[in-house]
Amino acid sequence: MNKIGITARDLFHLKSVTDPKLSPDGSMAVYVQTRIDEKTEKYISNLFMFSLITNETKQWTFGDNRDTSPAWSPDGKHIAFISDRSGKKQVHIIGSIGGEARQLTHFVNGASKPIWSPCSTKLLLSTGLKEGENLNTVNENDLSKEVNRYDRIKYKWDGRGYFDQLYQQLVIADIFKGEFTLLTENNIDHLPNAWSPDGQRIAFISGDAERSDDELFSDIFIMDLDTKSLEKITDSTGFFRDPKWSPNGEYLSFIGHNKEFAGATFSNIWLYSIMDQTTQCLTDGWDVQIGDSAIGDFQIGAVDPGILWTNDSQGFYFLISDYGSTGVYYGSIEGAMYPSILDPQHIYGLTIDPESHRAVVAISTPVHPGDLFAYNLTNGDKEQISFVNEDFLKDKHLSMAEPITFPSVDGLTIHGWIMRPNGFNGSQKYPLILEIHGGPHMMYANTYVHEFQTLANEGYAVLFTNPRGSVGYGQDFVNACRGDYGGMDYKDLMAGVDHVLATYDFIDDEDLGVSGGSYGGFMVNWIIGHTNRFKAAVSQRCISNWLSFYGVSDIGYYFTEWEVGGDIINSAEKLWQHSPLKYVSNVDTPLLLLHGEKDFRCPIEQSEQFFVALKRQNKEAVLVSFPNETHEVSRSGSPKMRLQHVEEIKGWFNKYL
């Protein structure tokens with residue numbers, strides 16, 4: 001008897017575990033466990049504690065709220081975390097032996113994740129402040145409405161909304177005295193990152209208020225806490241993040257790039273000498289992307305830890321994205337890079353004991369939503385330490401993702417996966433759905449994707465690939481689609497379909513569907529305007545018209561210039577040539593358009609334009625909008641909307657395939 005596969009509603013039964021943090025002595029690991037309450041249809045996140053000595057797990061915080069971003073004090077006595085239990089996200093403190101949590105901050109606009117000082121008495125964090133507000137401002141019930149006035153291009157952000165004049169400012173909180181010190185006040189965001197080992201300086205990320213529209217960059221600064229004097233480490237030429245001091249205080253590491261290939265540029269690891277005030281790139285010439293670039297739709301609140309130094313200050317651990325997997329590498333201050341964990345899987349969380357080189361790692365695979373594993377990074381020994389979905393999944397069938405490679409039309413090798421339907425019978429024919437990821441400079445990976453498993457359970461084979469433009473296959477590969485959207489990337493995708501049709505005789509070549517989101521939504525629109533081989537299509541949070549996208553997306557003006565290679569004044573014809581809307585009269589494929597109404601990354605008007613043009617020609621099309629949802633509707637949107645999103649996709653393909 002075949003086991004039942006994954007259904008869309010199983011989203012309400014699966015739990016996710018994220019953001020593990022080892023205690024300073026390496027004996028305990030705190031992590032975030034998130035579930036969905038079926039009655040309220042809300043996310044609930046609590047902190048859990050695992051003892052690496054007794055192998056016992058205990059729930060550490062309780063309640064129907066979101067408790068996230070745990071951080072151990074260096075002396076191991078306290079854990080700071082963010083909770084929305086008071087209505088807004090505020091910093092709370094709980095003892096490492098348990099007890100009641102106490103709220104530390106009561107800021108009018110909430111607080112960011114906390115970072116401990118070396119002496120374990122203070123926290124570095126940030127809070128949003130408007131002009132005229134301070135740390136003691138109380139929220140007023142002002143029901144009057146004012147006009148909104150904008151004088152810069154960056155007047156809205158997906159997930160944040162229209163600019164509310166809030167800027168993130170740095171704050172130091174004394175946890176015992178309850179005193180707060182505001183460190184910055186200018187009209188630009190400041191993102192806190194690290195303390196120096198002597199506690200006298202902090203490192204943070206910021207930009208330039210006067211140049212933020214025209215010059216796209218993020219810089220790393222060091223502030224002396226006694227004098228408030230600033231030292232700028234980077235030179236406003238690229239995007240840099242995650243400054244961390246070496247334990248001996250001699251170096252500041254950070255991650256980033258100088259935009260050599262605009263938004264398609266691989267990040268590097270950099271080392272700044274505090275004494276010499278010189279910077280060197282440790283990974284120059286290493287054709288690997290630093291960090292986690294995998295795309296999934298399940299993990300809630302996964303955190304890329306950046307650089308994790310070892311106690312001897314001679315090296316550090318970090319995540320990389322390569323060939324559809326993420327792994328762990330060790331890097332030395334001399335620039336040597338050594339693999340520590342390289343398996344076909346998605347590592348979406350990492351914490352290390354900097355003395356013993358032991359780690360706790362969060363891992364997902366196509367048939368495992370995700371759990372925590374204790375790892376010895378020196379010899380590779382590992383042991384699973386969380387089993388959050390074991391009972392629920394024991395009677396479920398999950399479809400394996402079989403890796404494939406194939407040549408594109410120009411001979412370039414493309415990598416991907418195919419999933420067989422639940423209840424597979426080799427003597428039967430099955431419909432195939434081609435899935436296309438967003439970005440485009442991200443990658444499909446060896447990770448759990450709820451949408452794919454749901455479709456496999458409905459009887460579909462699922463094909464997902466990493467066409468040129470994807471991360472994980474070298475800098476030239478990721479840069480290869482810029483200026484050519486709808487060109488060779490389209491041919492890569494079609495080559496994948498041709499390959500599996502020629503290789504697997506269980507696929508019905510007359511029963512094909514296609515779906516994708518963001519850039520993948522653009523590509524769905526493009527595909528059905530250039531071929532009629534698909535019987536049904538689903539375009540999620542799409543792009544259809546680069547001319548309007550330029551002005552309505554929160555990133556439209558620079559993303560269009562970087563990726564398509566033009567602007568609406570000097571290159572309007574080029575933008576139109578690459579717009580799926582131009583080819584809408586060719587579309588005969590029934591199309592479902594899914595879009596969040598508060599999506600500012602790819603605004604809903606992109607779907608609306610394509611929908612209206614199709615309906616005006618009496619073509620088969622349906623537009624489904626998701627109230628109050630952003631670009632992240634299918635990943636971190638409200639549980640009800642995430643469920644409906646998958647159900648809409650399933651229903652559309654069930655209707656036509």
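Everything numeric here is computed off the predicted structure, so don't read it as measured data.
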All side-chain contact (heavy atoms from CB on, under 4.5 Å) counterparts of [X], not counting sequence neighbours:
X      : result
Ser634 : Arg541, His645
Asp381 : Asn376, Asn379
Thr630 : Asp158, Glu632
Asn148 : Tyr150

**Item:** Pairing of Lys232 and Asp235 as salt bridge, 4.0 angstrom limit
**Value:** no
Does the side chain of [X] reach to within under 4.5 Å of the side chain of [Y], using non-hydrogen atoms?
X      : Y      : value
Arg358 : Ile352 : no
Met442 : Val471 : no
Ile82  : Val91  : yes
Asp19  : Thr68  : no
Leu47  : Phe81  : yes
Ser86  : Gln103 : yes
Phe204 : Leu230 : yes
Asp242 : Asn193 : yes

Restricting to ring pair (Phe, Tyr, Trp, His ring centres under 6.0 Å), what partner residues turn up for [X], sequence neighbours left out?
X      : result
His346 : Tyr348
Tyr43  : none
Trp309 : Phe316
Phe387 : none

**Item:** Tyr330 and Phe318: CA distance, side-chain angles, deciding distance, ring-ring contact (aromatic ring centres under 6.0 Å, His included) verdict
**Value:** CA-CA 7 Å; Tyr330 172 82; Phe318 58 97; 8.7 Å; no
When rounded to the nearest 0.5 angstrom, what is the spacing between [atom1] in [X] and [atom2] in [Y]?
X      : Y      : atom1 : atom2 : value
Ser364 : Gln345 : OG    : CD    : 9.5 Å
Asp322 : Ser293 : CG    : OG    : 10.5 Å
Phe373 : Ser386 : CZ    : OG    : 7.0 Å
Ile307 : Tyr251 : CD1   : OH    : 14.5 Å
Tyr448 : Phe298 : OH    : CZ    : 6.5 Å

**Request:** Apply ring-ring contact (aromatic ring centres under 6.0 Å, His included) to Trp286 and Tyr329, showing your working.
**Result:** CA-CA 13 Å; Trp286 193 38; Tyr329 263 74; 4.9 Å; yes
We want to know whether [X] and [Y] form a side-chain donor-acceptor pair, criterion being a heavy-atom distance below 3.5 angstrom.
X      : Y      : value
Thr265 : Glu260 : no
Asn46  : Gln33  : no
Asn446 : Ser325 : yes
Thr18  : Gln299 : no
Ser236 : Asp219 : yes
Ser126 : Gln168 : yes
Glu629 : Ser638 : yes
His190 : Tyr167 : no

**Request:** Decide ring-ring contact (aromatic ring centres under 6.0 Å, His included) for His257 and Phe240; before the verdict, give the C-alpha distance in whole Å, the side-chain angles of both, and the deciding distance to 0.1 Å.
**Result:** CA-CA 6 Å; His257 61 76; Phe240 298 96; 7.3 Å; no
Determine whether more than 12 heavy atoms belonging to other residues, nucleotides or ligands lie under 6.0 Å from atom [atom1] of [X].
X      : atom1 : result
Lys244 : NZ    : yes
Lys598 : NZ    : no
Tyr338 : OH    : no

**Request:** Give the C-alpha distance, both sets of side-chain angles, the deciding distance and a yes or no for ring-ring contact (aromatic ring centres under 6.0 Å, His included) between Phe180 and Phe107.
**Result:** CA-CA 10 Å; Phe180 304 95; Phe107 299 151; 5.2 Å; yes
Heavy-atom closest contact ([X] atom, [Y] atom, distance):
X      : Y      : value
Thr121 : Ser117 : N-OG, 3.6 Å
Ala445 : Ala294 : CB-CB, 3.5 Å
Lys259 : Leu216 : NZ-O, 2.6 Å
Ser16  : Ile300 : OG-N, 3.7 Å

Anything under 3.5 Å between a donor and an acceptor, one on a side chain of residues 276-285, the other on a protein residue two or more places apart or in another chain? List them.
{"unit_1": "Gln277", "atom_1": "NE2", "unit_2": "Glu231", "atom_2": "OE2", "d": "3.3"}
{"unit_1": "Thr283", "atom_1": "OG1", "unit_2": "Asn268", "atom_2": "OD1", "d": "2.8"}
{"unit_1": "Thr283", "atom_1": "OG1", "unit_2": "Ile269", "atom_2": "N", "d": "2.9"}

Do any pairs count as a salt bridge (charged side-chain N to carboxylate O under 4.0 Å, His left out) and have a residue in [range], sequence neighbours left out, and if so which ones?
range            : answer
residues 53-77   : Asp67-Arg85
residues 122-136 : none
residues 169-193 : Arg160-Asp189

**Prompt:** Phe600 pairs by ring-ring contact (aromatic ring centres under 6.0 Å, His included) with which of Trp157, Tyr162, Phe163?
**Reply:**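 So the option named by the test is Tyr162.
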**Request:** Begin with the C-alpha distance, continue with both residues' side-chain angles, and end with the deciding distance and a verdict on side-chain hydrogen bond (donor to acceptor under 3.5 Å, both in side chains) for Gln475 and Asp287.
**Result:** CA-CA 6 Å; Gln475 179 65 80; Asp287 206 13; over 6 Å; no
**Request:** Go through Asp292 and Thr326 one step at a time and tell me if the side-chain hydrogen bond (donor to acceptor under 3.5 Å, both in side chains) criterion holds.
**Result:** CA-CA 6 Å; Asp292 176 8; Thr326 59; 4.7 Å; no
**Prompt:** Stepwise, does the side chain to side chain contact (heavy atoms under 4.5 Å, CB included) test hold for Leu319 with Ile347?
**Reply:** CA-CA 8 Å; Leu319 297 180; Ile347 296 177; 3.6 Å; yes
